Amino acid sequence: MGDWFEVRDYDAAGRIGELTVPRADVTVETPALLPVVNPHVRTVEPARMEAEFGAEILITNGYILYGSDDAREQALSDGLHDLYDFSGAIMTDSGSFQLSEYGEIDVDTREILEFQHDIGSDIGTPVDIPTPPDVSREQAADELATTQERLELAAEVETGDMLVNAPVQGSTYPDLRERAAREAYGTDLDVFPVGAMVPLLNDYRFDDVVDTVAAAKRGLGADAPVHLFGAGHPMMFALAVAMGCDLFDSAAYALYARDDRYLTVRGTEHLEDLDYLPCECPICASHTPDELETCDDAERERLLAEHNLHVTFGEIRRIKQAIRQGNLLELVEARARGHPAMLDGYRALGDHAEQLEATDPATKDAFFYLSGESAARPEVLRHHQRLERLDADGEILLTEGDPNAAYDESWRVVPPFGPFPRDLSEVYPLNAEVPERLDERAYAQAADGVARLAAANPDVDFTLGHTGWPARALDRVPEAVDTYELGVDDAFGDDEGEADDERA
Ligand code: GUN
Ligand code: ZN
């Protein structure tokens with residue numbers, strides 16, 4: 001691949017990047033949304049998407065253009081940019097999705113890629129095979145081999161300065177996805193869509209989406225722009241961006257509008273269920289649900305599609321701002337509260353903390369602890385790794401309370417991080433904002449931090465002074481560490497009680 005993609009800022013594995021699209025002579029800022037333009041039904045005109053919604057790139061179906069006589073001739077003679085009156089970048093798909101829906105298409109990779117080139121596409125797509133989730137491993141591997149052959153063929157086709165997608169398949173087998181990604185990255189192709197996600201997305205299997213993206217990312221270099229093919233619901237953009245996705249395409253804005261569905265960042269509503277329009281966009285500010293209901297069908301569809309687009313682009317801007325400020329994971333956490341399946345997705349993200357840690361910046365705006373899921377953030381993992389490298393000597397009190405001169409040193413303890421020397425108190429992430437009323441996972445992680453520190457320093461005498469941690473957290477603290485509850489069992493104080501161990 002060429003040097004078409006540059007990352008500017010990271011937060012977790014999410015990034016703001018610049019995708020240079022040479023044939024369109026434009027640079028697209030990522031994360032970016034590609035509205036899907038249906039060659040036959042333009043619910044919102046592409047020129048308006050550019051002027052009023054800020055679309056820098058769109059996607060349309062090369063195979064549908066190829067198969068329809070009128071549109072095909074016009075696309076060939078005028079070019080896509082004139083046909084759509086759109087000056088940004090245009091990506092085209094190949095018919096693979098039709099292949100997955102209807103079982104066959106009558107075109108091969110060379111022919112459809114050359115056609116995409118001839119109609120002026122800026123980013124073309126070979127005919128990959130979108131293997132669905134949960135098929136046999138044998139089927140997934142066989143189809144992947146065919147996809148890989150086609151990627152290699154695509155790299156040989158004469159396509160000038162058109163960029164070419166290298167879709168990553170492999171069904172729900174993470175090792176196949178990772179291998180597919182590594183092989184795709186090894187070709188000369190340019191953009192890396194994670195494919196066949198539509199069935200997972202339609203079934204709200206966001207945890208499987210996260211695991212699949214994580215696997216693909218392991219096989220790709222950091223300089224690979226990653227597209228989540230078929231993902232257009234704004235409620236999951238923050239989650240997908242945090243895993244490292246850069247491009248999304250939305251047919252949802254139009255498909256949902258067609259049957260009166262109203263997108264929000266927390267989920268989907270039916271227009272008939274709305275007494276109010278919970279959105280700030282120009283459509284919602286100037287209409288009531290009744291007014292929308294009583295429009296004629298085409299008008300209502302257009303207005304709902306515009307609202308859906310506003311919400312979708314708005315979420316992309318919010319995500320970019322969150323990356324800049326370093327609070328993308330707080331945004332993901334908020335989105336995870338919109339639907340239980342989103343919470344599964346966020347919990348799955350926590351399983352990949354080590355992968356996210358690799359690109360997570362060393363300092364950001366203050367870490368906000370917002371739920372038990374915050375305890376699984378990469379910053380906590382990184383602190384635990386760091387604990388093993390901190391110098392410790394003598395008798396050390398690890399305490400949630402004040403320093404105690406009876407010890408050589410008194411370190412602070414802050415759940416979910418665990419212990420650290422006091423002079424790190426103002427350093428990210430230890431300057432975290434943490435609620436007064438913590439949950440068990442915060443204490444458990446803090447206890448694991450104590451255990452990690454103790455294991456790395458077997459010759460140091462550690463004592464833990466805590467504010468009444470639950471027994472299940474204290475059980476994670478090794479025997480060698482004395483523990484007492486502050487203000488209750490003051491080990492060196494007057495006489496108020498005994499240490500936890502003696503009391504037990
Ligand atoms: N659109 C949605 N999913 C896919 C996919 O897996 N491959 C291609 N080419 N297009 C898609
Ligand atoms: Zn709106």
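Counting begins at 1 with the first residue of the sequence. Computed from a predicted structure; not experimentally measured. Remember, it's 1-based here, ligands and their atoms both numbered in the order they're listed.
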Next item on the list: May I ask you to list the protein N, O or S atoms found at less than 2.8 Å from the Zn ion (ligand 2)?
Entry: Cys279 SG, Cys281 SG, Cys284 SG, His307 ND1
Item checked: Shortest non-hydrogen contact from Asp11 toward Gly326 -> OD2-C, 3.0 Å
Item checked: Partner set under salt bridge (Lys or Arg N to Asp or Glu O under 4.0 Å) for Glu56, not counting sequence neighbours -> none
Check: Minimum heavy-atom separation for Pro39 to Leu65, with atom names?
Finding: CB-CD2, 3.7 Å
Next item on the list: Supply the atom-to-atom distance His307 NE2 to Thr312 OG1, rounded to the nearest 0.5 angstrom.
Entry: 8.0 Å
Next item on the list: Apply salt bridge (Lys or Arg N to Asp or Glu O under 4.0 Å) to the pair Glu45 and Arg302, showing each step before the final yes or no.
Entry: CA-CA 10 Å; Glu45 286 297 329; Arg302 185 181 61 76; over 6 Å; no
Check: Charged N to carboxylate O under 4.0 angstrom, Arg441 versus Glu373?
Finding: yes
Next item on the list: Would you please classify the geometry between the Tyr66 ring and the Phe115 ring as parallel, tilted or perpendicular, with 30° and 60° separating the classes?
Entry: perpendicular
Write none if no such pair exists; otherwise list each N/O atom of ligand 1 with its protein N/O partner under 3.5 Å and the distance.
residue  : atom   : partner : partner atom : Å
ligand 1 : 6 (O)  : Gln169  : NE2          : 3.0
ligand 1 : 6 (O)  : Ala196  : N            : 2.8
ligand 1 : 7 (N)  : Asp128  : OD2          : 2.8
ligand 1 : 9 (N)  : Asp93   : OD1          : 2.9
ligand 1 : 9 (N)  : Asp128  : OD1          : 2.8
ligand 1 : 10 (N) : Asp93   : OD1          : 3.4
ligand 1 : 10 (N) : Asp93   : OD2          : 2.6

Item checked: Within residues 245-261 or reaching into it, pairs that qualify as side-chain hydrogen bond (donor to acceptor under 3.5 Å, both in side chains) - sequence neighbours excluded -> Arg15-Asp246, His227-Asp249, Asp259-Arg261, Asp260-Arg300
Next item on the list: Search all heavy atoms of Tyr173 against all heavy atoms of Arg137 and return the closest pair with its distance.
Entry: OH-N, 3.1 Å
